[in-house]
Protein chains: 2
Amino acid sequence: MGKKRVTIQDIAKQSGYSKTAVSFAFNSPDRISKDAVEKILKVARDLDYIPDPTARNFSLGRHMAIGFLVPQSTSIALANPYLQSVMRSISSVCEEHGYMLTLIPPLHSSVSEAVKSATVDGIITMGLSVSKGVADILRRRMLSIVSIDGTGDDDLPSVSIDDTAAAELQMRKVLEYGHRDIAVISLPRAAYSDSSSRSLYLTERRIKGYEKALGEYGMKLSDIMIVQTDATFASGCKAMRKIMEEGKVTAIVSMSDIVALGAWRAARDEGFRVPDDISIMGFDGIDDFTSKELSTIVQSAEDKGRKGAEMLIAMIEGQEHPMTSVDVDFSFREGKTLRNLYGY
Amino acid sequence: MGKKRVTIQDIAKQSGYSKTAVSFAFNSPDRISKDAVEKILKVARDLDYIPDPTARNFSLGRHMAIGFLVPQSTSIALANPYLQSVMRSISSVCEEHGYMLTLIPPLHSSVSEAVKSATVDGIITMGLSVSKGVADILRRRMLSIVSIDGTGDDDLPSVSIDDTAAAELQMRKVLEYGHRDIAVISLPRAAYSDSSSRSLYLTERRIKGYEKALGEYGMKLSDIMIVQTDATFASGCKAMRKIMEEGKVTAIVSMSDIVALGAWRAARDEGFRVPDDISIMGFDGIDDFTSKELSTIVQSAEDKGRKGAEMLIAMIEGQEHPMTSVDVDFSFREGKTLRNLYGY
DNA sequence: CTGTTAGCGCGTTCAC
DNA sequence: GTGAACGCGCTAACAG
């Protein structure tokens, strides 16, 4: 075992040409004679030469890879179907452009460490407020970044929806349908963000939207119940149980579909019928085949991922990127889990 | 813009020490005096020095990344919930060990090209028969590989279940519960394998298991109905409709959960109650929140990913790996879709 | 024990 | 078509 790797040097010697010529044969065949190219490539084939991608990357200062920066441990992040969809769409774009996609979870629990050591050409992130520290590292490393569903307090190229308006729509629908006893299942303040962020968190922007909608009906935030939970199915179950214990509501407004599905499950397990006994309104519009029945606010994951990735690649390849912020549409999807109390 | 990157050289000059000392300060602080370490690190901090990970990788010959080789375009692969689960588990292990996970889709439609240029320390693959060409590149690049759910015809370290035994268990349960009028929904021969594979296909291994279980009850394969279909929800619906037309059975045995879910949907749409009118038994144990009710054979995606990743990392780090093939447990999950005809 | 000198790794590219 | 330098961090060998 362990013959040494074949290097460009070997091909040079064996073919009688110089390293330079060999390099040209691979990368700029026009730069040398057809004859030389052929001879060199033949030797390369005979010796099973594969240019070392590491050395190549080092030399070129390129990796043909972009990093997907995940705020939490991947086991949590990747359990989120919405994130999965976005990621799928990102990876599609990568594929089209010949890039690979590298998952970057916190390294030794540190996002900064991870970003310091990632060998990628740029970074795309989702639901993360890029802290000043991380932004700094990116700058020092001269890495481009695009933020999807960012918090807006970092001044980064971003792709997102108007959370306040979307949440307002979500709540307004519930109110329109006659519900007044409402419980909101919110996400943790930190779930989608870093500790040092200063402006409004996603959670807070959504809450603001709820407040507006409630205001239109003469209600206030204090008139509804708000529980906070992680963005997982299990947490949704738990939150629902808590809500059912504490009081009686006719509608659940969740900030995430996956949580809403958990709530739905818990409701059924307790013998409640949805939407007859209780209505559930989600947020995201995940495409899970079994969850199309969920009434929800749809934000296109496909769109977000694609726009984000294309923006990032354009930045990496040094093209223009005049628009530093892109909005994605959202809409209400009438499922089967929101009952219209005014008849139907 | 674009002050040059700060390099180790700059820190050396500025601190008055040599490059070596700077390197030691970061990587082997014990090698030099505490005093020197401090001074050097201070200068490094002041100048915002980040060791270039590319150069570092090149120098060390390590990347701290493993590649997940995806046979198809990622938009298809990542849509498979089972693959998602496995990937999640892989990435968890990576995280624990400080590795990143890089998705490697075919590059310019070529798996070989992708494998040639991937800067990773090892590769993990799923449901792919690794072709001779690719195996060769891996050898030349001295990359380790582990295959999950491989076809078994390539001689690689692999992780999988004992399909025959699992299928036997699946069928036996159905028989134990009193069913005799059974329809199997099988997968296409090629579904989980490459065209060039020589040994038993997954489908055939499973069928063999069915045969055994049937034998224990004095039955033969010819006593049951077998239909073949793709591993999709829609195909499951279609297959179910066909089955309901053709004859009357009391139990469906599907080789895939997603297909079983499709069958379930079709059954409901036709007014059949599950499991009162007809029982459905799946295979996979996908963790889809809404499908936990499906009676099925669970093969732990979590386990597969974990064992595969741990095996690969052990190989990369040069530890022993005497076992070239690992089996993952499977088990029966009593859901709500399998009726016990002997009462309950 | 501290610290330095002098390469090394490998492909790319400038300047001739 | 080539020689030589380059990118940047790591480390063997060596000196004090």
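Lettering follows sequence order; numbering is per chain, from 1. Just so it is clear, the values below take in all heavy atoms, side chains as well, and ignore hydrogens, waters and symmetry mates.
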Atom [atom1] of [X] to atom [atom2] of [N]: distance rounded to whole Å?
{"X": "B:D35", "N": "C:dT2", "atom1": "CG", "atom2": "P", "answer": "10 Å"}
{"X": "A:M142", "N": "D:dC8", "atom1": "CE", "atom2": "C1'", "answer": "13 Å"}
{"X": "A:Q9", "N": "C:dT12", "atom1": "CD", "atom2": "P", "answer": "13 Å"}
{"X": "A:H63", "N": "C:dG11", "atom1": "NE2", "atom2": "P", "answer": "16 Å"}
{"X": "A:I50", "N": "C:dC10", "atom1": "CD1", "atom2": "P", "answer": "14 Å"}
{"X": "A:I32", "N": "D:dG1", "atom1": "CD1", "atom2": "P", "answer": "6 Å"}
{"X": "B:F26", "N": "D:dC8", "atom1": "CZ", "atom2": "C1'", "answer": "13 Å"}
{"X": "A:D10", "N": "C:dG9", "atom1": "CG", "atom2": "P", "answer": "11 Å"}

Does [X] place a side-chain N or O at less than 4.0 Å from the phosphate oxygens OP1/OP2 of [N]?
{"X": "B:S23", "N": "D:dC10", "value": "yes"}
{"X": "A:Y49", "N": "C:dG11", "value": "yes"}
{"X": "B:S59", "N": "D:dG9", "value": "no"}
{"X": "B:R56", "N": "D:dC10", "value": "yes"}
{"X": "A:N27", "N": "C:dG11", "value": "no"}

Qualifying residue for side chain to side chain donor-acceptor pair (under 3.5 Å) with A:H63, from B:T119, B:T102, B:T54, B:N57: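 Of B:T119, B:T102, B:T54, B:N57, side chain to side chain donor-acceptor pair (under 3.5 Å) with A:H63 is met by B:T54 alone.
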Less than 4.0 Å between a side-chain N and a carboxylate O, is that true for A:K307 and A:E310?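 Not counted as a salt bridge, because no side-chain N and carboxylate O are separated by less than 4.0 Å.
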Picking from [options], which would you name as closest to the side chain of [X]?
{"X": "A:A36", "options": "C:dC10, D:dG3, D:dG1", "answer": "D:dG1"}
{"X": "B:R31", "options": "D:dC8, C:dG3, C:dA15", "answer": "C:dG3"}
{"X": "A:K19", "options": "C:dA6, C:dA15, D:dA5", "answer": "D:dA5"}
{"X": "A:R5", "options": "C:dT5, C:dG9, C:dG11", "answer": "C:dG11"}
{"X": "B:Y17", "options": "D:dG1, C:dG3, D:dC8", "answer": "C:dG3"}
{"X": "A:I8", "options": "C:dT4, C:dG11, D:dC8", "answer": "C:dG11"}

How about A:R62 and A:D121: do any of their side-chain heavy atoms sit closer than 4.5 Å?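 The answer is yes, as the side chains (C-beta and beyond) meet within the 4.5 Å cut-off.
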Taking the side chain as every heavy atom from C-beta outward, state whether A:S117 and B:M100 have any pair of such atoms under 4.5 Å apart.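 They are in contact (side-chain heavy atoms under 4.5 Å apart), so the answer is yes.
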Quick check on DNA chain D: between B:P51 and A:F24, whose nearest nucleotide comes earlier from the 5' end?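 Its nucleotide being nearer the 5' end, the pick is A:F24.
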Given the structure, check if the side chain of A:T20 and the base of C:dT12 hold any donor-acceptor pair shorter than 3.5 Å.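 It does not, because no donor-acceptor pair links the side chain of A:T20 to the base of C:dT12 below 3.5 Å.
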Taking the six-membered ring where the residue is Trp, are the ring centres of B:Y17 and B:F24 under 6.0 Å apart?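 They do not qualify: ring centres at least 6.0 Å apart.
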Nearest-nucleotide wise, let me know which of B:V37 and B:F58 is further upstream toward the 5' end of DNA chain C.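 Of the two residues, B:V37 wins.
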Taking it one step at a time, do B:R56 and B:D52 satisfy salt bridge (Lys or Arg N to Asp or Glu O under 4.0 Å)? CA-CA 6 Å; B:R56 192 150 201 281; B:D52 182 337; over 6 Å; no
Please work out if B:S33 contacts a base, only the sugar-phosphate, or nothing of the nucleic acid, heavy-atom cut-off 4.0 Å.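 Sugar-phosphate only.
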